[in-house]
Amino acid sequence: MPDADVVVLTPDALQHILSALRARGYALVGPTIRDGAIVYDDIEATSDLPCGWTDEQNPASYRLVKRSDCAYFGYAVGPQSWKQFLHPPRQLLWQATRSGDEVEIEASPPVDKPFAFIGVRACELNAIAIQDRVLRVGSHIDPHYAKRRAGNFIVAVNCGTAGGTCFCVSMQTGPAARDGFDIALTEIVGHGEHRLLAEAGSEAGREMLAQVPSRAATDDDLTAGDAVLSETAAAMGREMAADGVRELLLGNLDHPRWDDVAARCLACGNCTMVCPTCFCTSTEDASDLAGVQTSRTRRWDSCFTLDFSYLHGGSVRSGTSSRYRQWMTHKLATWHDQFGTSGCVGCGRCITWCPVGIDITEEVRAIADSEPG
């Protein structure tokens, strides 16, 4: 029987949603093409979306390719994640101005508008949920993240295209969005009319869908949507045996594979910069030459930088092998101990954007294959 909670939208109806969100005061952010990549940026209309484009991804390789249809979301993921809007690369914490003997301290300005994220993939929803656990709950809440996260409207997209480095199925984070969204779309092209199945995931989502032109989903619509997800799941470019990885890595801290990967790793930190869950930061203080103004800024940092683990007397992790081991074992092993989940969502960005093509799934497999029995 048709699902009463799922409706069918035409591509024009998507524009109705964008217009309605803008009218309600949201800052619209979605995928668009810039500098030869699909990135997340301010958008105003469906004409800003990467209609008819897809991406081809492999280790250390990314390029855009024209599709034979006009799919809005017919790509995997690009070099950016939604983290840049919720946990920005640079965040002003405070600034101070001296006037005579008086000093005025100002906190960082608040966010002007709540964000409406358009085109969030299932792996990225899981990444946002992980960042929520790190930065939004518990006894040490990041107030800047909490403010940016408040009131978000999320339009998710169930994946219809798997990238050559994707492995979300292995991590049980995709390709279908399960929660954390207001509206979830499944784009159907090549099966008759170009249409989008829309499912509400919140009361705000239901209210929005009730205001845009739609029709009830038929059995054929639902079957076509299921086929999109099945084809995507079967086309994953990578695979990771998620069970037992924590024990595997923590039991092989002196494995020779760490030296092997260090011989290839440039310690550039690209993998941490593109990762949607990495959250390490450092702070910088700056003042002008006149001594009138000073400020403190937080910026993204990486466990791959030599200074990140510097303590009095030297760096705790002076070698590339120890820094790569720290990143990978934290991501896949000790993250479970801290936050109750893996720190990896299987998006594959760290593989695509590593300049030497180091593959986290291959590194796990290499250690596992060397295990006796």
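Owing to the predicted nature of the structure, the values given are computational and were not obtained by experimental measurement.
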Strictly by modelled atom types, are [X] and [Y] linked by a side-chain donor-acceptor pair under 3.5 Å?
X: His330; Y: Gln338; answer: yes
X: Asp221; Y: Thr218; answer: yes
X: Thr297; Y: Glu284; answer: no
X: Ser202; Y: Asp182; answer: yes
X: Thr272; Y: Ser302; answer: yes
X: Thr352; Y: Thr165; answer: yes
X: His336; Y: Thr341; answer: no

Which atom of [X] lies closest to which atom of [Y], heavy atoms considered:
X: Ala60; Y: Gly357; answer: CB-N, 3.6 Å
X: Val228; Y: Ile188; answer: CG2-CG1, 4.4 Å
X: Thr232; Y: Cys159; answer: OG1-O, 2.9 Å
X: Arg349; Y: Tyr40; answer: NH2-OH, 3.9 Å
X: Phe181; Y: Ala156; answer: CB-CB, 3.8 Å
X: Leu64; Y: Ala37; answer: CD1-N, 3.9 Å

Would you kindly confirm whether [X] and [Y] end up in one hydrophobic cluster when ILVMFWY residues are joined by side chain heavy atoms under 4.5 Å apart?
X: Trp335; Y: Trp327; value: no
X: Val8; Y: Leu229; value: no
X: Phe167; Y: Val245; value: yes
X: Val155; Y: Phe73; value: yes
X: Val29; Y: Ile183; value: no

Under 6.0 Å from the [atom1] atom of [X], do we count more than 12 heavy atoms belonging to anything else shown?
X: Gln172; atom1: CD; value: no
X: Asp254; atom1: CG; value: no
X: Glu247; atom1: CD; value: yes

[X] side chain vs [Y] backbone, donor-acceptor pair below 3.5 Å:
X: Asp226; Y: Thr223; result: no
X: Trp300; Y: Phe279; result: no
X: Arg195; Y: Glu187; result: no
X: Asp260; Y: Pro256; result: no
X: Ser370; Y: Ile367; result: yes
X: Arg317; Y: Arg323; result: no
X: Arg299; Y: Thr281; result: no
X: Thr173; Y: Cys123; result: no
X: Asp288; Y: Gln293; result: yes
X: Asp69; Y: Ala71; result: yes

Geometric class of the Phe85/Phe117 ring pair [parallel <30°, tilted 30-60°, perpendicular >60°]: tilted

Decide side-chain hydrogen bond (donor to acceptor under 3.5 Å, both in side chains) for Thr277 and Lys83; before the verdict, give the C-alpha distance in whole Å, the side-chain angles of both, and the deciding distance to 0.1 Å. CA-CA 8 Å; Thr277 65; Lys83 179 178 74 173; over 6 Å; no

Between Asp142 and the options Arg148, Lys147, Arg298, the salt bridge (charged side-chain N to carboxylate O under 4.0 Å, His left out) test singles out Arg298

Is the closest basic N to carboxylate O distance between Glu363 and Arg325 below 4.0 Å? no

Working note: Leu14 + Leu49, criterion side chain to side chain contact (heavy atoms under 4.5 Å, CB included); need CA distance, chi angles, decisive distance, verdict. CA-CA 11 Å; Leu14 181 57; Leu49 300 176; 4.0 Å; yes

Take Gln80 and Val274, measure what side chain to side chain contact (heavy atoms under 4.5 Å, CB included) needs, and give me the verdict at the end. CA-CA 6 Å; Gln80 298 173 329; Val274 298; over 6 Å; no

side-chain hydrogen bond (donor to acceptor under 3.5 Å, both in side chains) between Gln326 and Ser322, worked out: CA-CA 6 Å; Gln326 160 63 22; Ser322 62; over 6 Å; no

In this structure, is the centre-to-centre distance between the rings of Tyr75 and Trp53 below 6.0 Å? no

Ring-ring centroid check Trp82 Tyr145, cutoff 6.0 Å: no

[Y] side chain reached by [X] side chain, heavy atoms, under 4.5 Å:
X: Arg257; Y: Asn252; value: no
X: Tyr72; Y: Leu185; value: no
X: Leu266; Y: Pro355; value: yes
X: Pro89; Y: Gln84; value: yes
X: Ile38; Y: Thr54; value: no
X: His144; Y: Ser108; value: yes

Stepwise salt bridge (Lys or Arg N to Asp or Glu O under 4.0 Å) test for Arg206 and Glu203: CA-CA 5 Å; Arg206 291 186 194 89; Glu203 191 56 42; 3.5 Å; yes

Option passing side-chain hydrogen bond (donor to acceptor under 3.5 Å, both in side chains) with Ser282 (candidates Thr305, Asp307, Asp301): Asp301

List the steps and the verdict of side chain to side chain contact (heavy atoms under 4.5 Å, CB included) for Phe115 and Tyr26. CA-CA 5 Å; Phe115 291 112; Tyr26 287 96; over 6 Å; no

Take Arg215 and Glu193 through the test salt bridge (Lys or Arg N to Asp or Glu O under 4.0 Å) and record every step on the way to the result. CA-CA 13 Å; Arg215 64 171 174 83; Glu193 63 175 324; 2.9 Å; yes

Quick one: do Glu44 and Arg22 satisfy salt bridge (Lys or Arg N to Asp or Glu O under 4.0 Å)? Show the steps, please. CA-CA 8 Å; Glu44 294 186 2; Arg22 183 169 293 280; 5.0 Å; no

Please report the C-alpha distance between Val157 and Arg121 in whole Å, then the side-chain angles of each, then the deciding distance to 0.1 Å, and finally whether the side chain to side chain contact (heavy atoms under 4.5 Å, CB included) criterion is met. CA-CA 5 Å; Val157 173; Arg121 304 307 173 110; 4.2 Å; yes

Are Asp337 and Arg246 close enough, and set up right, to give a salt bridge (Lys or Arg N to Asp or Glu O under 4.0 Å), and what steps lead you there? CA-CA 10 Å; Asp337 302 328; Arg246 176 187 178 279; 3.0 Å; yes

